[in-house]
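Note that this is a predicted model, so its numbers are computed, not measured. We use all heavy atoms of the structure for the numbers below, so side chains are in, but hydrogens, waters and symmetry mates are not.
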Amino acid sequence: MGHDTPIIFAVGVLGNIASFICFLAPVSTFYRVCKKKTTEGFQSVPYVAALFCSMLWIFYAYIKKGEILIITINSFGCFIETIYLAIYITYCPKKARMFTLKLIFLFNLGGIFLIILLTHVLAKERAARLEILGWICVVLSTSVFAAPLSIIKVVIRTKSVEFMPLPLSALLTISAIMWMAYGILLRDIYVTLPNIVGVTFGTIQMVLYAIYRKQKPVKDQKLPEHKGDINDENLASTVTNTNHGVIPQLVEIEIGEEKKEQKQVQDEPQKNQDQTECNNNINKTRELGGIQAQGLRS
């Protein structure tokens with residue numbers, strides 16, 4: 001099919017530009033990983049899913065024919081996500097490395113091969129093949145948009161938009177709008193549907209930012225909700241904070257200097273806990289920025 005009018009092509013190019021920038025959102029995270037030579041406990045699942053999603057959309061565009069703009073942005077997606085995963089595998093612990101390699105072989109090799117095989121076996125005609133593959137892409141891309149729910153929950157719980165940066169949220173929303181418009185203009189339901197979900201979640205993020213942008217954050221004592229956010233250091237810090245939180249209430253020191261030392265001991269664990277949760281949420285934000293881009297540039 002291709003781009004019947006300059007308007008469709010222009011909208012597709014704008015979508016490519018927005019998605020290109022979204023793909024680069026995790027660069028600062030991986031720069032820090034290379035510098036510190038540690039993955040700091042965050043997971044590889046978003047990047048494996050991002051690579052899988054890009055590979056699927058390339059196959060979809062190949063079957064449909066003429067969708068060069070979908071191929072270009074997803075080719076870049078495959079390239080940059082492969083680099084992210086290579087860095088992750090280099091610096092992550094052995095257990096995480098083996099888990100990541102299993103995911104790559106399961107989804108990015110086995111999964112893609114299975115989908116290609118099934119679409120050729122179950123559908124002999126190109127139209128039927130395109131329909132099967134299109135709905136697979138819709139389901140996967142729509143599920144990707146569940147990722148922002150984690151950050152949205154953090155914003156509501158803490159009443160702070162510190163971990164939902166406005167530029168990234170706005171860019172993701174613009175990208176979703178561009179690709180939704182591109183799908184509508186092409187009358188391609190498979191491109192349109194997941195980006196309607198993207199626009200919805202993007203609007204919710206914008207509304208939350210408008211509500212909480214001037215409010216001071218409420219201290220949040222809950223543990224990180226994602227299993228991958230809890231590493232040995234975080235767990236040790238949490239246990240230490242719990243223990244130290246009780247001790248000062250049981251001991252009362254009358255000498256002024258000793259009281260000062262006690263207060264420092266009492267405050268230090270809280271600072272560690274705040275820093276731990278800050279790092280966890282920053283990692284979440286950057287990971288979500290990367291994976292949310294996958295549904296947008298379908």
Side-chain angles (χ1 to χ4, degrees), residues 1-27 46 49-50 53-54 56-58 60-61 64 66-77 80-81 134-153 155-156 161 163-213 285-298:
M1 290 183 67
H3 316 100
D4 300 328
T5 68
I7 295 178
I8 297 177
F9 183 77
V11 171
V13 169
L14 290 174
N16 267 250
I17 294 172
S19 295
F20 177 84
I21 299 173
C22 290
F23 269 124
L24 297 178
V27 165
C53 199
S54 289
L56 267 183
W57 280 111
I58 289 175
Y60 171 82
K64 187 175 181 181
E67 292 296 342
I68 186 64
L69 292 177
I70 292 180
I71 291 177
T72 52
I73 189 59
N74 285 287
S75 295
F76 176 75
I80 195 69
E81 297 300 338
W135 283 112
I136 293 174
C137 291
V138 167
V139 171
L140 181 62
S141 296
T142 302
S143 64
V144 162
F145 282 109
L149 288 174
S150 175
I151 287 298
I152 289 173
K153 187 175 181 181
V155 170
I156 295 174
V161 293
F163 305 113
M164 189 180 70
L166 180 61
L168 179 59
S169 297
L171 187 61
L172 290 168
T173 305
I174 292 171
S175 182
I177 292 172
M178 290 295 101
W179 285 111
M180 182 182 69
Y182 182 77
I184 292 173
L185 291 172
L186 280 180
R187 298 181 181 178
D188 189 328
I189 189 174
Y190 309 119
V191 174
T192 305
L193 283 179
N195 287 290
I196 290 176
V197 178
V199 171
T200 302
F201 278 112
T203 303
I204 291 173
Q205 291 181 57
M206 295 294 99
V207 171
L208 287 176
Y209 192 91
I211 294 174
Y212 294 120
R213 71 184 189 282
T285 303
R286 286 168 178 159
E287 289 177 10
L288 292 176
I291 191 173
Q292 190 177 353
Q294 311 317 311
L296 298 176
R297 82 290 161 269
S298 42

Inset, instruction - Please tell me if the side chains of Val197 and Leu193 come closer than 4.5 Å, counting only heavy atoms from C-beta onward. - result: no
Inset, instruction - Would you please name every residue forming a side chain to side chain contact (heavy atoms under 4.5 Å, CB included) with Val13, sequence neighbours left out? - result: Phe9, Ile17, Leu69
Legend entry - Separation of Ile174 CD1 from Ser19 OG (nearest 0.5 Å): 11.5 Å
Legend entry - Minimum heavy-atom distance between Phe20 and Ile73, given as atom pair plus value: N-CD1, 3.7 Å
Legend entry - pair Gln205-Ile152: side-chain heavy atoms closer than 4.5 Å: yes
Inset, instruction - State whether the number of non-hydrogen atoms from other residues, nucleotides or ligands found under 6.0 Å of Ile7 atom CD1 is greater than 12. - result: no
Legend entry - Distance-only side-chain donor-acceptor flag, Asp188 / Tyr60, under 3.5 Å: yes
Inset, instruction - Mark yes or no for whether Ser143, through its side chain, and Leu140, through its backbone, hold a donor-acceptor pair below 3.5 Å. - result: yes
Inset, instruction - Could you tell me which non-hydrogen atom of Ser54 sits nearest to which non-hydrogen atom of Phe23, and how far apart they are? - result: OG-CZ, 4.0 Å
Inset, instruction - Compare every heavy atom of Ile71 with every heavy atom of Ala61, then report the nearest pair and how far apart it is. - result: CB-CG1, 3.4 Å
Inset, instruction - Can you measure from SG (Cys53) to CG (Asn74) and round to the nearest 0.5 angstrom? - result: 7.5 Å
Inset, instruction - Write down the atom of Gly15, the atom of Trp179, and the distance for their closest heavy-atom approach. - result: O-NE1, 3.3 Å
Inset, instruction - Could you check if a side-chain atom of Thr5 sits within less than 4.5 angstrom of a side-chain atom of Ile8, using non-hydrogen atoms only? - result: yes
Inset, instruction - Over 60° means perpendicular and under 30° means parallel, so classify the ring planes of Tyr190 and Trp135, tilted if in between. - result: perpendicular
Inset, instruction - Apply side chain to side chain contact (heavy atoms under 4.5 Å, CB included) to Ile136 and list each qualifying residue two or more places apart in sequence or on a separate chain. - result: Leu56, Ile115, Ile132
Legend entry - Beyond-backbone contact of Tyr182 with Glu67, side-chain heavy atoms, under 4.5 angstrom: yes
Inset, instruction - With Val191 as reference, evaluate Ile70, Leu186, Ile184, Val138 under the side chain to side chain contact (heavy atoms under 4.5 Å, CB included) test and give the passing residue. - result: Ile70
Inset, instruction - List the steps and the verdict of side chain to side chain contact (heavy atoms under 4.5 Å, CB included) for Phe201 and Thr173. - result: CA-CA 8 Å; Phe201 278 112; Thr173 305; over 6 Å; no
Inset, instruction - Check Ile196 against Met180 and note the closest heavy-atom contact, atom names and distance. - result: CG1-SD, 3.6 Å
Legend entry - Trp57 vs Cys137 side-chain heavy atoms within contact, under 4.5 Å: yes
Inset, instruction - Quick one: closest heavy-atom pair of Ala170 and Met206, and the distance? - result: N-CE, 3.6 Å
Inset, instruction - Starting at CG of Leu185, measure out to OG1 of Thr192 and round the result to the nearest 0.5 Å. - result: 9.0 Å
Legend entry - Distance in Å, Leu168 CG paired with Cys22 SG, rounded so as to fall on 0.5 Å steps: 6.5 Å
